Asker: 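For reference, the structure I am asking about is given below.
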Amino acid sequence: MARKVVLASKNPYKVGEALAILGDIPGVEWLTFRNIALPEVEEIGETLEDNAILKATAAARETGLPALAEDTGLEVEVLGGVPGVRSARFAGEGKDYRANNEKLLKLLSGAMDRRARFRTVAVLALPDGRTWMAEGVLAGRIVDTPRGKYGFGYDPLFVPNGEVRTLAEMLPTEKNAISHRRRALEAMRPILLDLVRGALD
Ligand code: ITT
C-alpha cells in the first residue's frame, strides 16, 4: 500500500514543481492542499529554516501523516540577503509577484553588482516529531527588466549562472532540472525511500 505524504504548501506553483521533481517516487501517494486541509501557519520565523520547520511540523501534527514543506527566498548580495525570508511579502502582504519584482528593481536601479541566489530549505517531518532538513541553492544574477512567461515569483528577473535566459524564459522542465527547489527536494529522496520501505517506522 502506498504511503501517504503531505506536501505542505499552499502555493500551486510550488506544488506543481515539487510534484514534477518528487512525484515519481514509487510507493508515495502525495496529498496536497487540493485534497487535504492544511493548517494555517504564520510564517513568523526569522530564517527559511525556522519557517520550513514550522510548516512541516504543523502539517504532520495536524494530519497525523509525514509532511514535506519548504521555504524559499531570493537573497540579493548587494542588499545583504534581502528579500530572503521576506520574499513572499516583500512589497507588503498579499503576495503580489509584480509588486515584489518592481520593488526589487527599484532598489537595484543603478547597481552594478546584480549577484543573487535562490535558497530553498526543505523539511520532512513525521507526526512523532522527527525531522530532516536539506538545502538547495541556485546562484545567478538579477536582470534590469522582467522577461519570460513561465514559472512564478521572481523567475522573470533571475538568470542562473551559465545561462542567458531568465528562469521564466526556460521551460518548466529546464527550470526543474537545475533549480534550488530541485536540489533541496532531491536531497529528501533517500529519506522518502526509507519511509516507503518502512525503515523509519
Ligand atoms: P507556502 O509557504 O504555502 O509553501 P509561499 O508562496 O508562501 O507558499 P514561501 O513562503 O516560500 O512560499 O515564499 C517564497 C516567495 O518567494 C514566493 O511567494 C515567491 O515570491 C518567491 N519564490 C519562491 N520560490 C520561487 C521560485 O522558484 N522562483 C521564483 N520565485 C520564487
Side-chain angles (χ1 to χ4, degrees), residues 6-22 30-34 36-59 62 67-76 79 81-105 116-125 135-143 146-160 163 165-186:
V6 177
L7 198 47
S9 171
K10 291 176 179 160
N11 181 325
Y13 299 101
K14 285 170 60 165
V15 169
E17 291 187 3
L19 290 178
I21 293 163
L22 290 179
W30 292 101
L31 300 178
T32 73
F33 67 87
R34 296 194 175 89
I36 194 164
L38 296 174
E40 283 299 328
V41 180
E42 250 197 288
E43 298 192 31
I44 53 171
E46 279 301 310
T47 61
L48 299 177
E49 283 79 1
D50 287 348
N51 281 339
I53 289 175
L54 281 174
K55 289 187 271 191
T57 53
E62 303 262 324
L68 180 64
E70 54 101 323
D71 207 45
T72 296
L74 176 67
E75 301 175 341
V76 179
L79 302 179
V82 165
V85 71
R86 295 190 175 73
S87 291
R89 48 212 139 88
F90 190 36
E93 293 302 326
K95 289 189 186 148
D96 180 337
Y97 293 149
R98 183 185 299 220
N100 285 343
N101 286 353
E102 278 169 9
K103 177 167 180 187
L104 182 61
L105 284 181
R117 61 181 203 162
F118 275 112
R119 195 162 74 89
T120 295
V121 175
V123 170
L124 178 73
E135 180 194 68
V137 170
L138 181 66
R141 63 183 192 284
I142 305 296
V143 293
R147 302 196 313 250
K149 61 177 181 179
Y150 301 111
F152 68 100
Y154 299 94
D155 283 346
L157 292 183
F158 186 89
V159 174
E163 262 288 339
R165 295 173 299 167
T166 67
L167 281 177
E169 292 177 300
M170 299 167 80
L171 292 171
T173 47
E174 294 177 296
K175 176 186 175 186
N176 290 336
I178 60 163
S179 75
H180 39 293
R181 184 158 292 107
R182 159 142 228 138
R183 290 172 181 164
L185 294 183
E186 221 27 87

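In listed order, ligands and their atoms are each counted from 1. Since the structure is predicted, the reported quantities are computational estimates derived from the model, not experimental observations.
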Asker: Measure the distance from atom 7 (O) of ligand 1 to every protein heavy atom, then report the residue, atom name and distance (to 0.1 Å) of the closest one.
Answerer: Lys95 NZ, 3.0 Å
Asker: What's the shortest distance from atom 28 (N) of ligand 1 to any protein heavy atom, and which residue and atom give it?
Answerer: Asp155 OD1, 2.6 Å
Asker: Ignoring hydrogens and geometry, is there a side-chain-to-backbone donor-acceptor pair from Arg117 to Glu75 under 3.5 Å?
Answerer: no
Asker: Just go through Arg86, Lys14, Glu70 and tell me whose heavy atom is the nearest to atom 11 (O) of ligand 1.
Answerer: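 The residue whose heavy atom sits nearest atom 11 (O) of ligand 1 is Lys14.
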Asker: Considering heavy atoms of the protein only, find what lies nearest to atom 22 (N) of ligand 1 and give residue, atom and distance to 0.1 Å.
Answerer: Phe152 CE1, 3.8 Å
Asker: Return the closest protein heavy atom for atom 3 (O) of ligand 1 as residue, atom name and distance.
Answerer: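 Residue, atom and distance for the closest contact: Lys10 N, 2.8 Å.
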Asker: Below 4.0 Å, non-hydrogen atoms only: which portion of Phe158 touches ligand 1? Side chain, backbone, both or neither.
Answerer: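 No part of Phe158 is near ligand 1 at this cut-off.
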Asker: When the ring planes of Phe152 and Tyr97 are compared, do they come out parallel, tilted or perpendicular, using 30° and 60° as the limits?
Answerer: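 Aromatic pair Phe152/Tyr97 classed tilted.
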Asker: At less than 4.0 angstrom from any non-hydrogen atom of His180, what atoms of ligand 1 do you find?
Answerer: 26 (C), 27 (O)
Asker: Quick test: of every protein heavy atom, which one is nearest to atom 4 (O) of ligand 1, and how far off is it to 0.1 Å?
Answerer: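 Looking at atom 4 (O) of ligand 1, the protein heavy atom closest to it is Ser9 OG, 2.7 Å.
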Asker: When rounded to the nearest 0.5 angstrom, what distance separates CD in Glu70 from CZ in Arg181?
Answerer: 4.0 Å
Asker: Starting from atom 14 (C) of ligand 1, locate the nearest protein heavy atom and write down its residue, its atom name and how far away it is, to 0.1 Å.
Answerer: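 Residue, atom and distance for the closest contact: Thr72 O, 3.2 Å.
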Asker: Can we say Arg86 and Glu46 salt-bridge, meaning some charged N sits less than 4.0 Å from an Asp/Glu carboxylate O?
Answerer: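 Judged by the 4.0 Å cut-off on N to carboxylate O distance, Arg86 and Glu46 do form a salt bridge.
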Asker: Of the protein's non-hydrogen atoms, which lies at the shortest distance from atom 30 (N) of ligand 1, and what is that distance?
Answerer: Tyr154 N, 3.1 Å
Asker: Is it true that a side-chain atom of Asp71 and a backbone atom of Val121 form a donor plus acceptor pair closer than 3.5 Å?
Answerer: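 No.
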Asker: List the steps and the verdict of side chain to side chain contact (heavy atoms under 4.5 Å, CB included) for Lys55 and Val123.
Answerer: CA-CA 9 Å; Lys55 289 187 271 191; Val123 170; over 6 Å; no
Asker: Could you list which atoms of ligand 1 come closer than 4.0 Å to a heavy atom of Ala88?
Answerer: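 The list of qualifying atoms is 13 (O), 15 (C), 18 (O).
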Asker: Measure the spacing between CD1 of Ile142 and OH of Tyr154 and express it to the nearest 0.5 Å.
Answerer: 9.5 Å
Asker: Only heavy atoms of Glu43, strictly under 4.0 Å: list the atoms of ligand 1 that pass.
Answerer: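 Once the distances to Glu43 are compared, the set is 2 (O), 7 (O), 10 (O).
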Asker: Can you tell which of Asp155, Leu157, Val143 makes a side-chain contact (heavy atoms from CB on, under 4.5 Å) with Thr166?
Answerer: Val143
Asker: Out of all atoms in ligand 1, which are within 4.0 Å of some heavy atom of Tyr97? Include the element for each.
Answerer: 18 (O), 19 (C), 20 (O)
Asker: Could you check atom 24 (N) of ligand 1 against the protein and tell me its nearest heavy-atom contact, residue, atom and distance included?
Answerer: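 I find the closest protein heavy atom is Arg181 NH2, 2.8 Å.
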Asker: Which distance, rounded to the nearest 0.5 Å, do you find between the CZ of Arg141 and the CD of Glu163?
Answerer: 9.5 Å
Asker: Taking Asn100 for the side chain and Ala88 for the main chain, is one N or O donor matched with an acceptor at less than 3.5 Å?
Answerer: yes
Asker: Describe, in one word, how the ring planes of Phe118 and His180 are oriented to each other, choosing from parallel (under 30°), tilted (30 to 60°) and perpendicular (over 60°).
Answerer: parallel
Asker: With side chain to side chain contact (heavy atoms under 4.5 Å, CB included) as the test, would you mind laying out the steps for Arg183 and Val137 before giving the verdict?
Answerer: CA-CA 7 Å; Arg183 290 172 181 164; Val137 170; 5.7 Å; no
Asker: Taking 4.0 angstrom as the limit and counting only heavy atoms of Ser87, give me the atoms of ligand 1 inside it, by number and element.
Answerer: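 Ligand 1 atoms under the 4.0 Å threshold to Ser87: 15 (C), 16 (O).
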Asker: Applying a heavy-atom cut-off of 4.0 Å, say which part of Tyr13 lies close to ligand 1: side chain, backbone, both or neither.
Answerer: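 No part of Tyr13 is near ligand 1 at this cut-off.
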Asker: Against heavy atoms of Phe118, which atoms of ligand 1 measure under 4.0 Å?
Answerer: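 Close to Phe118: 28 (N), 29 (C), 30 (N), 31 (C).
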Asker: Quick one: which ligand 1 atoms are inside 4.0 Å of a heavy atom on Asn11?
Answerer: 3 (O), 6 (O), 8 (O)
Asker: Using a strict 4.0 Å cut-off to heavy atoms of Asp71, name the atoms of ligand 1 that fall inside it.
Answerer: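 In order of numbering, the contacting atoms are 9 (P), 10 (O), 11 (O).
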Asker: Below the 3.5 angstrom mark, is there an N/O of Asn100, backbone or side chain, next to an N/O of ligand 1?
Answerer: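 Such a contact does not occur with ligand 1.
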